[in-house]
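Each residue takes its place number in the sequence, starting with 1. Counting starts at 1 for both ligands and their atoms, following the listed order.
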Amino acid sequence: MAPIDYNKVKLASAKHPKPPGVKFTYGTAGFRMKAELLDSVTFRVGILASLRSKKLDSKTIGVMITASHNPEEDNGVKLVDPYGEMLEQSWEEHATKLANAESDDDLVNVIQDIIVNTGLDGSNDSSIVYARDTRPSGPALVAAVEDALKVLGAKTLDFGVKTTPELHYVTRCLNTTGTEDAYGEPTEEGYFKKLGDAFRELVERKPHPSALTVDAANGVGAPKIRQLAEVVGEFIDFNVVNDDIYTKGKLNFQCGADFVKTQQRAPPGMNLVSGVRACSFDGDADRIVYYYADEDGKFRLLDGDKIAGLAASFIIDLVRTAGLGDIKIGVVQTAYANGSSTAYLTNVLKVPVSCVPTGVKHLHHEAEKYDVGVYFEANGHGTVLFSSHAINSIRSAKGGTPEQVEAINRLSALTNLINQTVGDAISDMLFVESILTNKQITLKQWDQAYTDLPNRLVKVVVADRHIFRTTDAERKLVEPKGLQDKINTIVAPYTEGRSFVRPSGTEDVVRVYAEAATRQECDELAFKIAGLVFDEAGGVGERPKEFL
Ligand code: NG1
Ligand code: ZN
């Protein structure tokens, strides 16, 4: 216990000056931008982490340095709350204010304001765990965080180069060890052991699938899959590609989940012939998409929506077989979910579906409303949350028949296999593999649950994306006034047509999404809406082109 020494804070801050004129915003994924602009921001996020820990009775707060699927020259930093969730929303504003304090004196004023506003005790102890992905800019940014933590006397744990979900996992473990909510060993070995044991339980008596090609986006997932293979290698063979984490410029370049999802094709160089099973991680391994080539060699994507459908149908069957009918299952999606997936969940699985605004925190919170909440973004970020009611029901269930006992054991293993803190490519991959193994189905059979509507995502650069305001889980524009009516008029004649426009939370662009019954209609619709936005809302540069 020691009060904050503001003189020391100022001296340390002077070594991490804010670039003048830059405005920082703590967005859906923390601060994210060109790495060269982030030194002052990461220093100040170190301060924020310590304050957050002081506020929460010295619980451990996580700091992750990553820019996920974004280009290698970008980086970012975000905080993880004690149970592995994203930083509580009300603190995002404190983060933004800290990052934008123009001088060292202003910074001290903002710290003092936060202390007063949140009623925290500045002399409390604080505890922080931090990690980074493989970006070359990572070590210097970690050093900036460390400078802040040192000046505030925080207890620190350097977790090293890790996936984002590993950092979420360890944060929750550190805060629950020795309690009835204990989540696992707070180490990387503990993480792999937890996943490995659960996976073994789910698949050991079943015939193994063929090898899985994993595109690691030339990121942190590559070394981690190799570590995973040490614990699950007897059940599954991984063929890791795009695993070069040392050559500059390769991270996320023409590979990874975001490339595959947005380009709707395999990474160049991957030999995706019929019969190959493949998946892609993103740069910090919290997203995953699957794909294969059909008999004609045509690329087929199994995105986050398909994973949600597979997961929900498997869990629904297990819960039913186990006789645990009081466990209520729901699925959470965003407006980017393919219309066919929503129809499948609603009409075939007959499971409640909620639609929330983009951003993991929105999905996560909505999923917490169910006993078992499955949430996935179409881009492949997602997980399954089990409420304490669900976990207690599963753990205390005895089962009267061998089928019931088996279903209960599988559900119990799933609660350990699935990373319930955040979307996790490694955990989600094992989850998908265990379902496919249990059902003994191929990627093609999984794909047959429903057929995606052709869809298109377009970026439009405008002078000021902040003039766009949305409602109805971002499916409608409120501002600029009148624009939504024009969108409706354009969409109306298209069979199964749907389109919406929203400002990105992570890039300086407006996103236009369109889907329709045929590829031609979809592309035409996307082109028309993107052009409308460009013409009516301050488009900059080249007008969006037609898709040929
Ligand atoms: P923005 O830039 O707000 O669209 C993107 C993704 C989100 C989420 C965040 C955080 C799409 C369309 N948007 O957000 O789903 O993953 O990045 O990384 O995929
Ligand atoms: Zn990511």
Side-chain angles (χ1 to χ4, degrees), residues 25-33 64-72 74-78 80 86-87 92 131-135 162-168 216-221 224 251-252 255-264 280-289 301 303-305 308 332-338 355-364 375-383 419 421-428 455-461 465-466 468 470 473-475 499-515 526:
T25 313
Y26 195 99
T28 32
F31 295 106
R32 203 176 276 188
M33 52 176 50
M64 185 70 204
I65 295 177
T66 177
S68 184
H69 58 281
N70 291 131
E72 183 172 299
D74 291 4
N75 214 328
V77 59
K78 68 171 188 182
V80 174
M86 298 295 185
L87 175 68
E92 291 180 4
R132 63 178 174 91
D133 68 14
T134 56
R135 286 180 157 74
K162 294 289 179 297
T163 71
T164 295
E166 282 185 290
L167 189 267
H168 285 253
N218 293 315
V220 66
K224 300 308 171 190
L251 175 71
N252 294 324
C255 59
D258 196 58
F259 174 89
V260 172
K261 169 74 181 160
T262 53
Q263 303 279 319
Q264 312 203 4
S280 286
F281 290 9
D282 73 338
D284 62 337
D286 64 350
R287 288 188 190 180
I288 182 169
V289 295
L301 180 66
D303 63 1
D305 300 337
V332 186
Q333 302 186 312
T334 72
Y336 292 106
N338 196 278
C355 182
V356 298
T358 303
V360 174
K361 64 183 173 222
H362 299 295
L363 290 128
H364 196 94
Y375 74 81
F376 268 91
E377 293 188 299
N379 62 32
H381 185 110
T383 188
N419 187 338
T421 62
V422 76
D424 180 337
I426 289 179
S427 156
D428 287 337
N455 58 90
R456 178 84 61 187
L457 189 57
V458 191
K459 293 182 196 183
V460 182
V461 183
R465 76 185 199 281
H466 301 288
F468 287 78
T470 62
E474 305 181 320
R475 289 173 289 194
S499 179
F500 66 92
V501 175
R502 59 174 276 281
S504 160
T506 62
E507 284 178 78
D508 195 7
V509 297
V510 170
R511 297 199 199 282
V512 171
Y513 176 87
E515 64 183 32

(message) To make sure I understand the geometry: which N, O or S atom in Asp284 is closest to the Zn ion (ligand 2)?
(response) OD1

(request) Between Tyr513 and ligand 1, find which residue part has any heavy-atom pair under 4.0 Å and reply side chain, backbone, both or neither. (result) neither

(message) Which heavy atom of Val509 sits nearest to which heavy atom of Arg465, and what is that distance?
(response) O-CD, 3.3 Å

(request) Please test Thr421 against Asn419 for side-chain hydrogen bond (donor to acceptor under 3.5 Å, both in side chains), starting from the C-alpha separation and ending with a verdict. (result) CA-CA 6 Å; Thr421 62; Asn419 187 338; 2.6 Å; yes

(message) Do Pro503 and Thr470 make a side-chain contact, defined as non-hydrogen atoms from C-beta onward lying under 4.5 Å apart?
(response) yes

(message) Quick test: of every protein heavy atom, which one is nearest to atom 4 (O) of ligand 1, and how far off is it to 0.1 Å?
(response) Arg511 NE, 2.6 Å

(message) As a test of reading the structure, name the N/O/S atom of Asp282 that is nearest the Zn ion (ligand 2).
(response) OD2

(request) Using a strict 4.0 Å cut-off to heavy atoms of Arg502, name the atoms of ligand 1 that fall inside it. (result) 1 (P), 3 (O), 4 (O)

(request) Assess whether side chain to side chain contact (heavy atoms under 4.5 Å, CB included) is satisfied between Phe376 and Asp428, documenting all intermediate values. (result) CA-CA 11 Å; Phe376 268 91; Asp428 287 337; 3.8 Å; yes

(message) Taking a cutoff of less than 4.0 Å between a non-hydrogen atom of the residue and any ligand atom, is His381 in contact with ligand 1?
(response) no

(request) Report yes or no: does Arg32 have a heavy atom closer than 4.0 Å to ligand 1? (result) yes

(message) Check this for me: does any side-chain nitrogen of one of Glu377 and Lys261 sit under 4.0 Å from a carboxylate oxygen of the other?
(response) no

(request) Please check if the distance between the ring centroids of Tyr375 and His364 is under 6.0 Å. (result) yes

(message) For atom 11 (C) of ligand 1, what is the closest protein heavy atom, and at what distance to 0.1 Å?
(response) Asn379 ND2, 3.9 Å

(request) With the Zn ion (ligand 2) as the reference point, give the N/O/S atom of Asp286 that is nearest. (result) OD1

(message) Does the residue His69 have a heavy-atom contact with ligand 1, meaning some pair of atoms that are separated by less than 4.0 Å?
(response) yes

(request) Enumerate the atoms of ligand 1 whose separation from the nearest heavy atom of Ser504 is less than 4.0 angstrom. (result) 1 (P), 2 (O), 3 (O)

(message) To check your reading of the model: name the closest protein heavy atom to atom 9 (C) of ligand 1, its residue, and the distance in Å.
(response) Thr506 CG2, 4.1 Å

(request) Flag Leu457 as yes when one of its N or O atoms lies below 3.5 Å from any N or O atom of ligand 1, and as no otherwise. (result) no

(message) side chain to side chain contact (heavy atoms under 4.5 Å, CB included) for Asn252 and Asp258? Distances and angles first, verdict last.
(response) CA-CA 8 Å; Asn252 294 324; Asp258 196 58; over 6 Å; no

(message) Which residue and atom name correspond to the protein heavy atom nearest atom 8 (C) of ligand 1, and how close is it?
(response) Glu377 OE1, 3.5 Å

(message) Arg32 vs Tyr26, test: side-chain hydrogen bond (donor to acceptor under 3.5 Å, both in side chains). Steps then yes/no.
(response) CA-CA 8 Å; Arg32 203 176 276 188; Tyr26 195 99; over 6 Å; no

(request) Would you check if the Zn ion (ligand 2) lies under 2.8 Å from any N, O or S atom of Thr66? (result) no

(message) To check your reading of the model: name the closest protein heavy atom to atom 7 (C) of ligand 1, its residue, and the distance in Å.
(response) Thr358 CG2, 3.4 Å

(message) Quick one, Thr358 and Glu474 - any side-chain contact, counting heavy atoms below 4.5 Å?
(response) yes

(message) Within the 3.5 Å criterion, strictly below it, is a donor on Thr164 or Asp286 matched to an acceptor on the partner's side chain?
(response) no

